[in-house]
Amino acid sequence: MRLPNLPMAFSSLAVVLALGAAAPAFAQDTAPAAPAQAPAPAAPTTPPRLIVAISVDQYSADLFQQYRERYTKGLARLLQGTVFPSGFQSHAATETCPGHSTLLTGVHPNRTGIIANNWFVPGIGRDDKQVYCSEDETNPKSTSEDSVISPDHLKAPTLGDLLKKKNPATLNVAVSAKDRAVVMMSGHTADAAYWLKGKGFTSFEGRKLSPAALAENKALAAKVAAGAAELPVPGWCGDVDRPTDVGGFTIGTYRFPLKAGDMKGFSNSPRMDEATTDLAIRLLDEMPLGKDDVPDVLSVSYSATDKVGHAYGNEGVEMCIQMNVLDQTIGTLLGALDARGLDYVVMLSADHGGADAPERMKLQGVPDAARLDPSLTDEGLSASVSKVTRITPKSGPLLYGAGGSGDIWLNAGLTPAQRRKVIAELVRQLKANPQISGAYTAEELKKVKVPSGHPQDWSEIEIVAASFDPTRSGDVLMMTKRAVVPGTKAVPGYTATHGSPWDYDRRVPMLFWRKGQVRMEQAQPVETVDIAPTLAALVGLSEPAGTWDGRCLDIYAGESDSCS
């Protein structure tokens, strides 16, 4: 339609004004024109052919919020999808294995059975009483430090397991630097599963490495042999580029130079995420993934954020460099997916958050920040409880655990009467300690129902119950107060950690992106157990009530409902 010329336009306006002044009744009888509305945003109408589930180890909601405005590559694209900045790993055992076990099972650790990275079985028939979360401890070659890897401890099916049950043609693939991340995201039916061990990627016992894995190991070896200069520091890292003394050495200014042949230095640096991405891309073609009408699952867990967080904390230039490399690395993965013309959906979240080094937290206005008192280690508690109760086992320590995850197990040789006496004294001492916020017995926790309301409103005992499995958890569980960091002292390579029931360890971002999706941000608290039912709805997978602890989240803006 042509616009009227200006004289005609002004004449028309004059007539309208005159009619309005002369005939108010007419104006009242005529309904005003409805304002023009923007068309409802379109949403994808067909199921994606590939689910890409990304976990960033130790990527707290705080870290996400601190750096989100700096992302320009892969994470910047995911920010154009659906953003839940307040996702929760709702449980207290905020460690790698329990957190990863929630991401694609849709249930809390009390149902996955993954209550910690490691737990103790005092009555196990080997000298090593510790059991690793993804270990086959029945294999005589396995120890908790050098484990034969298996998914047997995982009690719940993953999304990949459920999709393969529905249609065996589904491909279920996972890659990470950590075996426990691979196992907990892929589950019991992985078609391809690779993690780093020694000088390259490996897989389950008895499986041969595929050409893709062999090629990646060759490329990785060449990079390590060549070494590399320091990683570049973005200009926006200046505010955090300063040294902090942590008792004998400093953190805050390291730039990850790589000495030729230093495999450990490579695997503990941002470069490891790049190698993880390289293998994931090779597997896209080798399997191949997302090429037919049966949905496939590719799980990619990036471990470098956790490695950097433990070694240097999260408020130095080291983490700033890592955030920049992570953004670029995810961009590389998304670019490879695009280049292959795949119809995919991406989910990104984390297994847990993390605390900064307490020495730096004190400098930044957290006066209560501290390291764990040695009296709260298994050695310290064993000595103090034995002194009061006069109970000493015939062999082995009185107590196992304590410290990091908070679970404490009693020696298997105690009589029932001795157990009761030790538990009572242990709880008394814990509750009297100024670093402890709560101490709970297994008998108490068995009676607690895990709630279904907003996770930030749960009580401490409910948070603990969400990762309590009566067949594996300790006889007593201790929770430290806010800003008390497990570990009695800083050592090179380990200055900060996680594992508490506090928000800095529990809160993680949850992002969903698919081509054609309209950007949406929802600040209401959600849970990582909501991820599996949300992705399942996108590919038309329905399961009986009770399969998941979580709920489907509508990730489409407007009238469209991704859950229907």
* To do: Report the relative orientation of the aromatic rings in His153 and Trp119; use parallel for angles under 30°, tilted for 30 to 60°, perpendicular for over 60°.
  =>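 Answer is perpendicular, since the angle exceeds 60°.
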* To do: Any chance you could lay out the salt bridge (Lys or Arg N to Asp or Glu O under 4.0 Å) test for Arg68 and Glu521, step after step, and finish with the verdict?
  => CA-CA 13 Å; Arg68 63 182 292 177; Glu521 182 141 352; 3.0 Å; yes
Can a donor-acceptor pair be found between the side chains of [X] and [Y] at a distance below 3.5 Å?
X: His108; Y: Thr102; result: no
X: Thr305; Y: Gln58; result: no
X: Asp128; Y: Thr143; result: no
X: Gln517; Y: Thr82; result: yes
X: Thr94; Y: Gln89; result: no
X: Thr138; Y: Asp136; result: yes
X: Thr170; Y: Asn167; result: no
X: Glu274; Y: Gln328; result: no

* To do: Might you work through the salt bridge (Lys or Arg N to Asp or Glu O under 4.0 Å) test for Arg111 and Asp549, ending with a clear yes or no?
  => CA-CA 9 Å; Arg111 290 181 61 191; Asp549 289 334; 2.6 Å; yes
* Begin from the C-alpha positions of Trp409 and Phe120 and carry the test ring-ring contact (aromatic ring centres under 6.0 Å, His included) through to its verdict. => CA-CA 7 Å; Trp409 292 262; Phe120 285 86; 5.6 Å; yes
When you compare the side chain of [Y] with that of [X], does any pair of heavy atoms fall below 4.5 Å?
X: Gln66; Y: Glu315; value: yes
X: Leu171; Y: Leu50; value: no
X: Val526; Y: Phe88; value: no
X: Leu333; Y: Ile281; value: yes
X: Leu337; Y: Leu284; value: yes
X: Pro98; Y: Ile115; value: no
X: Ile555; Y: Phe84; value: yes
X: Thr480; Y: Leu372; value: yes

Looking at [X] and [Y], would you say the former's side chain and the latter's main chain have a donor-acceptor pair under 3.5 Å?
X: Asp356; Y: Asn314; value: yes
X: Asp327; Y: Leu75; value: yes
X: Asn117; Y: Cys97; value: yes
X: Arg126; Y: Gln130; value: yes
X: Ser134; Y: Val183; value: no

* What are the two closest non-hydrogen atoms of Val308 and Pro270, and how far apart are they? ->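 The pair with the smallest heavy-atom distance is CG2-CD, 4.5 Å.
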* Looking at Leu399 and Asp378, what are the two nearest heavy atoms and their distance? ->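 Reported closest heavy-atom pair: O-CB, 3.8 Å.
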Sequence-distant partners of [X], side-chain hydrogen bond (donor to acceptor under 3.5 Å, both in side chains), two or more places apart:
X: Tyr440; answer: Glu460
X: Tyr504; answer: none
X: Thr277; answer: Tyr302
X: Thr441; answer: Glu444

* Asked: Hey, do the aromatic rings of His498 and His352 have their centres closer than 6.0 Å?
  ->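 Under 6.0 Å, so yes.
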Just to verify, what does [X] make a salt bridge (charged side-chain N to carboxylate O under 4.0 Å, His left out) with, not counting sequence neighbours?
X: Arg180; answer: none
X: Lys446; answer: Glu443
X: Asp296; answer: none
X: Lys307; answer: none

* To do: Assess whether salt bridge (Lys or Arg N to Asp or Glu O under 4.0 Å) is satisfied between Arg77 and Asp338, documenting all intermediate values.
  => CA-CA 12 Å; Arg77 188 197 301 191; Asp338 294 339; 2.5 Å; yes
* Asked: Which pairs pass disulfide (SG to SG under 2.5 Å) with one or both residues in residues 511-564, sequence neighbours excluded?
  ->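 Qualifying pairs: Cys552-Cys563.
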Roughly how far, to the nearest 0.5 Å, is the [atom2] atom of [Y] from the [atom1] atom of [X]?
X: Ser55; Y: Leu103; atom1: OG; atom2: CG; answer: 5.0 Å
X: Gln65; Y: Arg507; atom1: CD; atom2: CZ; answer: 8.0 Å
X: Thr189; Y: Lys164; atom1: OG1; atom2: NZ; answer: 5.5 Å

* Take Ser210 and Glu286 through the test side-chain hydrogen bond (donor to acceptor under 3.5 Å, both in side chains) and record every step on the way to the result. => CA-CA 9 Å; Ser210 73; Glu286 180 177 78; 2.6 Å; yes
* Apply the test salt bridge (Lys or Arg N to Asp or Glu O under 4.0 Å) to residues Arg49 and Asp292: give CA-CA distance (whole Å), side-chain angles for both, the deciding distance (0.1 Å), then the verdict. => CA-CA 7 Å; Arg49 294 184 177 184; Asp292 58 24; over 6 Å; no
* To do: Kindly write out the residues that satisfy ring pair (Phe, Tyr, Trp, His ring centres under 6.0 Å) with Phe204, not counting sequence neighbours, or none if the list is empty.
  =>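 Once residues adjacent in sequence are excluded, the partners of Phe204 under the ring pair (Phe, Tyr, Trp, His ring centres under 6.0 Å) criterion are Trp195.
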* Asked: What pairs with Tyr344 under ring pair (Phe, Tyr, Trp, His ring centres under 6.0 Å), at least two apart in sequence or on another chain?
  ->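 Scan of Tyr344 (ring pair (Phe, Tyr, Trp, His ring centres under 6.0 Å), adjacent residues dropped) gives Trp513.
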* For side chain to side chain contact (heavy atoms under 4.5 Å, CB included), just list the numbers for Leu376 and Gln435, CA-CA rounded to whole Å, side-chain angles, deciding distance to a tenth of an Å, and then say yes or no. => CA-CA 9 Å; Leu376 292 173; Gln435 285 194 339; 3.6 Å; yes
* Enclosure of Lys515 NZ (heavy-atom neighbours >12, cutoff 6.0 Å) ->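 At most 12 heavy atoms, drawn from other residues, nucleotides or ligands, come within 6.0 Å of this atom.
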* **Flag if over 12 foreign heavy atoms under 6.0 Å of NZ, Lys155** =>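 Above 12, so yes.
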* Asked: Taking only residues two or more places apart in sequence, or in another chain, which ones meet Ser303 in a side chain to side chain contact (heavy atoms under 4.5 Å, CB included)?
  ->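 So Ser303 forms a side chain to side chain contact (heavy atoms under 4.5 Å, CB included) with Ser176, Ala177, Lys178.
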* Quick one: do Tyr132 and Asp179 satisfy side-chain hydrogen bond (donor to acceptor under 3.5 Å, both in side chains)? Show the steps, please. => CA-CA 11 Å; Tyr132 179 50; Asp179 57 75; 2.7 Å; yes
